[in-house]
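Accompanying notes for the structure given below.
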Amino acid sequence: MADDTRAGGRLEDNGGGTLMIRGSLRSDDVVRLYDALPIDARTLRLDLTGVSAVDSAAVAMLLDWRWRQQAIGGALQIEHAPDSLRRLAAIGGVDRLLGIEGITTGATAK
């Protein structure tokens, strides 16, 4: 089966505290993924290189996940956030809270 990055978001554990989300990260995907998000007292790295589309639900999910991690002494480090996620977070004034300030060149989700 070919990898379709437009399909609903999938959470993958690459080991060693590194997670990756592939595909879209829109409201339906967020609802489906929410209960699968690991919460523990370690630092989790989340690679968003494979994210093809986002909406405001993605921002809300990432904020909530980060806060839940921090509440138990852990952390969520977001890496390779697509420009569309950066824009939505900046519009909402939460880009600093997510640690994804600024627009970069590179992967852009629609």
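None of the values given here were measured: they were computed from a predicted structure.
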Among residues at least two apart in sequence or on other chains, which ones pass side chain to side chain contact (heavy atoms under 4.5 Å, CB included) with [X]?
X	value
D64	Y34, R68
V59	L63, L85, L88, V94, L98
Q77	T43, R45, E79
D35	none

Any idea which heavy atoms bring [X] and [Y] closest together, and the distance?
X	Y	answer
L76	R66	O-NH1, 2.9 Å
I21	V51	O-CG2, 3.5 Å
L19	P38	CD1-CG, 3.6 Å
S52	S24	OG-N, 3.4 Å
G9	L33	O-CD2, 3.7 Å

Checklist line | Shared hydrophobic cluster, V31 / V54 (ILVMFWY, side-chain heavy atoms < 4.5 Å) | finding: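 No: no chain of side-chain contacts under 4.5 Å links V31 to V54.
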
Notebook entry, point to check: Are L25 and I91 connected in a single hydrophobic cluster, I mean Ile/Leu/Val/Met/Phe/Trp/Tyr linked by side-chain heavy atoms less than 4.5 Å apart?
Noted result: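 Different clusters: I91 never reaches L25 through Ile, Leu, Val, Met, Phe, Trp or Tyr contacts under 4.5 Å.
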
Distance (rounded to the nearest 0.5 Å) between [X] [atom1] and [Y] [atom2]:
X	Y	atom1	atom2	answer
L97	L62	CG	CG	12.0 Å
D47	M20	CG	CE	3.5 Å
L48	S84	CG	OG	10.0 Å

Note to self: Under the rule for salt bridge (charged side-chain N to carboxylate O under 4.0 Å, His left out), what residues qualify as partners of D13, not counting sequence neighbours?
What the structure shows: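 If we apply the salt bridge (charged side-chain N to carboxylate O under 4.0 Å, His left out) test to D13, skipping adjacent residues, there are no hits.
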
Next item on the list: Would you confirm whether W65, through its side chain, and A60, through its main-chain N or O, come within 3.5 Å as a donor-acceptor pair?
Entry: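 Checking the backbone N and O of A60 against the side chain of W65, no donor-acceptor pair under 3.5 Å is found.
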
Check: For the side chain of R96 and the backbone of E101, is there at least one donor-acceptor N/O pair under 3.5 Å apart?
Finding: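 Not at all, since once roles are kept as given, no pair shorter than 3.5 Å links the two residues.
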
Next item on the list: Just do the side chain to side chain contact (heavy atoms under 4.5 Å, CB included) check on L44 and Q69 with the steps written out, would you?
Entry: CA-CA 9 Å; L44 299 175; Q69 277 291 102; 3.6 Å; yes

Note to self: D55: which residues meet the side chain to side chain donor-acceptor pair (under 3.5 Å) condition with it, sequence neighbours left out?
What the structure shows: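 Testing D55 for side chain to side chain donor-acceptor pair (under 3.5 Å), a comparison that skips the adjacent residues, returns none.
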
Margin query: My understanding is that only residues two or more places apart in sequence, or in another chain, count here; which of them pass side chain to side chain donor-acceptor pair (under 3.5 Å) with E12?
Written below: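 Listed in chain order: R22.
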
Margin query: Under 4.0 Å between a side-chain nitrogen and a carboxylate oxygen: does that hold for D28 and R26?
Written below: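 R26 and D28: not salt-bridged.
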
